[in-house]
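These notes concern the structure reproduced below.
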Amino acid sequence: MIDRPDPRPPAQSTARPEELARCPFPDRGPRLPGLDAEITAVLTEESAALDEGEHQRWLDMLDPVFRYEIPVPLLREDPALPRHSRSAVLFEATKRVLELKFGRVGLVPAWSDRPATTTRHFLGSVRVFDAPAPGVVRADANLLVTSNRGVEHTALVSAARRDLLREHHGRWLLLRRCVLLDVEVATHEQLSVIF
Amino acid sequence: MSFGVDGPVRAIGRRAFIDSDILDAEYDRVFHPSWQFLGFAGEVPEPGDYVLRMLGRDEVVVVRGEDGEIRALHNSCTHRGTRLCRASLGNTAHLRCSYHGWTFTNDGRLVGVPALRSGYPPDFDHTRHGLPSARVACRRGFLFATWDAKAPDLEDYLGEIAWYLDAILDCGAGEWEVCGPPQRVRAKGNWKIPTDNFAGDGYHMRTTHQIALDQGIYGDTLANGTRGRAGTDLVAVNIATPAGHSLRAGYVVESGRSIDERDLTAPQFPGYPPERWPALTAAQTPEQVRFTSHCEVAHGVVFPNTVFLSVAHDRAVGEDADPLTRYLVVRAHVPVSARETECLYWTLVPTAMDREWQRRSYRFQARTQSAGGILFEMDDFENFARIDAALARSAPGRGGPVDLTLGVGRSTPARNFPGPARAEAATLSEHNQRAFYRRWSTLMGELP
Ligand code: FES
Ligand SMILES: [Fe+2]
């Protein structure tokens with residue numbers, strides 16, 4: 001079997017938001033340019049929380065059913081085929097897994113987190129689309145991240161990011177994040193980034 | 001120079017992990033005469049399906065021909081040497097060179113030469129310009145290849161380790177399926193560093209993975225005896241063969257008991273659903289059950305650079321309702337240079353398990369021990385990079401050779417152990433690493 005797609009059907013427009021965190025990543029709905037500025041501001045705060053080590057603030061921006069995934073990049077002959085696997089991931093996480101990750105900070109034997117890595121997220125070209133569930137939007141963006149930790153570890157990663165955000169009591173929470181790396185084979189420094 | 005190796009290997013010179021002339025010699029002396037793992041037949045199910053892989057120094061197109069046979073063809077045109085396949089995977093009936101258009105079938109024959117009749121001498125023999133093709137052997141879906149015409153058959157090459165690999169697979173009660181294309185990552189450090197780690201390094205768990213253990217990613221079961229279900233221990237057996245292959249298996253036993261004292265009238269397979277245990281027992285021979293029952297973790301090396309891990313992870317990485325779930329991952333550690341290694345990871349799931357279990361198994365691998373596994377794998381990469389960084393900041397000979405004496409004289413033969421090769425009971429031992437480096441040293445011999 002090579003890259004068998006998820007057999008579950010894509011979400012219908014009547015889907016519950018929770019289902020969007022699990023089923024195949026929904027296609028873009030109609031463009032919602034009126035939300036570009038508002039969602040860009042949310043994503044800017046969110047990536048600043050990551051870069052500034054405000055981990056609890058970042059986790060608080062995640063929906064309880066949040067799902068994070070980095071599909072395996074595929075360098076294929078046929079340009080018409082998708083450039084990332086529909087089934088295989090380099091990494092996958094729930095909110096709990098990310099809580100475990102950030103729970104490491106400050107703990108002495110968290111070797112790969114001491115000394116800390118400095119990251120900077122550069123976010124651009126945010127475009128908001130409708131998503132097939134009430135109160136949920138999809139935001140596509142370009143992302144450049146730098147990661148530094150001493151002379152041996154200086155990494156630059158570029159990626160396309162696909163986010164789903166859900167409006168909850170007047171604020172936007174991240175429901176899902178899919179990171180499409182541009183590099184075919186990333187280094188372990190690049191993969192240590194939370195995108 | 002020698003590597004400071006005496007009869008039973010106790011130490012390896014540090015330059016073996018950093019110097020590029022060592023890697024050059026390894027390609028000729030270690031990789032060339034060995035069978036190397038390329039991937040799985042399931043990655044190329046249809047005629048024309050191909051993936052690119054490395055076989056020693058050479059890039060090969062692993063392709064299923066129109067005749068259904070899988071071959072490993074050198075990915076270089078026989079005219080000027082142009083790389084034929086540029087993509088990492090695809091499907092093609094022909095490999096057509098982008099330079100002058102020489103065309104090869106997917107079984108490696110040269111069948112198209114532009115201007116053949118008008119431009120080439122009459123005695124030009126196209127049959128002598130086919131693509132070099134390595135020996136390929138497929139065993140239970142695992143593809144191995146070698147360029148060495150004199151290498152023994154794969155079955156002889158694997159020797160005793162095949163019995164253990166079969167037992168791990170038979171414990172899944174049927175066929176296994178590979179989950180999509182492999183995860184890949186480039187990591188700092190020589191290829192032998194992660195390989196030696198997988199051979200038998202239970203010793204690093206308490207330090208490298210202390211955080212992961214403290215955070216409970218093995219939950220109430222245990223990985224090394226430091227945590228644990230009350231009243232149980234993890235006891236390990238190390239098995240290493242003269243060919244350099246190895247396996248370390250860790251068993252959950254009642255505190256103070258030996259592996260011999262497991263209750264084999266009711267075999268247990270942690271990580272598989274308990275209601276399936278009778279069916280899994282029935283799918284194995286009684287000897288296999290004596291090896292697989294109560295086994296929480298099994299990992300090892302197929303010499304030279306393929307490793308495997310079967311381990312049960314608890315729900316700390318999943319949802320509250322998730323049961324203890326096992327995954328099986330096979331990895332290749334392919335040198336990029338003497339100081340950098342590409343790791344490829346294939347996760348396998350038994351077709352006998354339901355879709356939900358398979359998904360969970362793959363997710364647990366992806367969250368912990370995958371290329372991007374920030375809860376576990378990154379701590380290993382950290383050490384491999386630290387070794388590399390320190391060796392790069394060392395004068396030759398500073399610091400002495402690498403010590404491999406853990407467990408020397410301290411292990412006992414595992415009594416009544418069912419499989420072939422000598423099994424040593426010792427939870428912490430470098431028995432397997434010594435076997436790996438002994439084989440490596442034998443092949444490397446003296447260097448100029
Ligand atoms: S180099 Fe391939 S056809 Fe000339
Ligand atoms: Fe490890």
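Side chains included, hydrogens not; waters and symmetry mates left out as well; all remaining heavy atoms used. Chain letters run A, B, ... following the sequence lines, proteins first and then strands; every chain starts at 1.
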Of the listed residues (B:Arg367, B:Met378, B:Arg184), which shares the most heavy-atom pairs with chain A below a 4.5 Å separation?
B:Arg367
Drop me the distance from B:Thr92's OG1 to B:Phe104's CZ, to the nearest 0.5 angstrom.
12.5 Å
What part of A:Glu189 gets closer than 4.5 Å to chain B, counting heavy atoms only: side chain, backbone, both or neither?
side chain
Salt-bridge present (A:Glu152, B:Arg339; N to O < 4.0 Å):
no
Could you tell me which portion of A:Gln190 (side chain, backbone, both or neither) has an atom closer than 4.5 angstrom to a non-hydrogen atom of chain B?
neither
Any chance the side chains of A:His121 and A:Asp51 put a donor and an acceptor closer than 3.5 Å?
yes
Tested for side chain to side chain donor-acceptor pair (under 3.5 Å) against B:Trp346, the lone hit among B:Gln183, B:Glu43, B:Gln365 is B:Glu43
Using a 4.5 angstrom heavy-atom cutoff, name the option from B:Glu46, B:Arg363, B:Arg386, B:Glu342 with the most pairs to chain A.
B:Arg363
Looking at B:Ala385, B:Cys85, B:Ala366, B:Gly90, which makes the most heavy-atom pairs under 4.5 Å with chain A?
B:Ala366
Could you tell me whether A:Arg31 and A:Asp140 have a side-chain N and a carboxylate O separated by less than 4.0 Å?
no
Region of A:Val151 in contact with chain B, defined by heavy-atom distances below 4.5 Å:
side chain
Give the member of B:Asp388, B:Thr208, B:Asn383 that has the highest number of heavy-atom pairs under 4.5 Å with chain A.
B:Thr208
Is it the side chain or the backbone of A:Leu90 that comes within 4.5 Å of chain B heavy atoms, both, or neither?
both
Charged N to carboxylate O below 4.0 Å: is that the case for A:Lys101 and A:Asp113?
yes
Between A:Ser85 and chain B, with a heavy-atom cut-off of 4.5 Å, which part of the residue counts as in contact: side chain, backbone, both or neither?
side chain
Would you mind telling me which of B:Arg359, B:Glu377, B:Glu340 has the largest number of heavy-atom pairs within less than 4.5 Å of chain A?
B:Arg359
Between A:Glu69 and A:Arg162, is the closest basic N to carboxylate O distance under 4.0 Å?
no
Count the heavy atoms of every other residue, nucleotide or ligand shown that sit under 6.0 Å from CZ of B:Arg96, and state whether that count exceeds 12.
no
Please classify the contact between A:Val89 and chain B as side chain, backbone, both or neither, with a heavy-atom cut-off of under 4.5 Å.
both
Using non-hydrogen atoms only, which part of A:Leu81 is less than 4.5 Å away from chain B: side chain, backbone, both, or neither?
neither
Residue A:Ala110 versus chain B: region with a heavy atom under 4.5 Å:
both
Interatomic distance, A:Leu62 atom CG to A:Tyr68 atom OH [nearest 0.5 angstrom]
11.0 Å
What's the verdict on ring-ring contact (aromatic ring centres under 6.0 Å, His included) for B:Phe40 and B:Trp176, showing C-alpha distance, side-chain angles and the deciding distance?
CA-CA 11 Å; B:Phe40 288 90; B:Trp176 290 70; over 10 Å; no
Side chain from CB out, backbone as N, CA, C, O: work out which of these in B:Thr347 comes under 4.5 Å of a heavy atom of chain A, or both, or neither.
neither
Give, as side chain, backbone, both or neither, the part of A:Arg114 having an atom under 4.5 angstrom from any heavy atom of chain B.
backbone
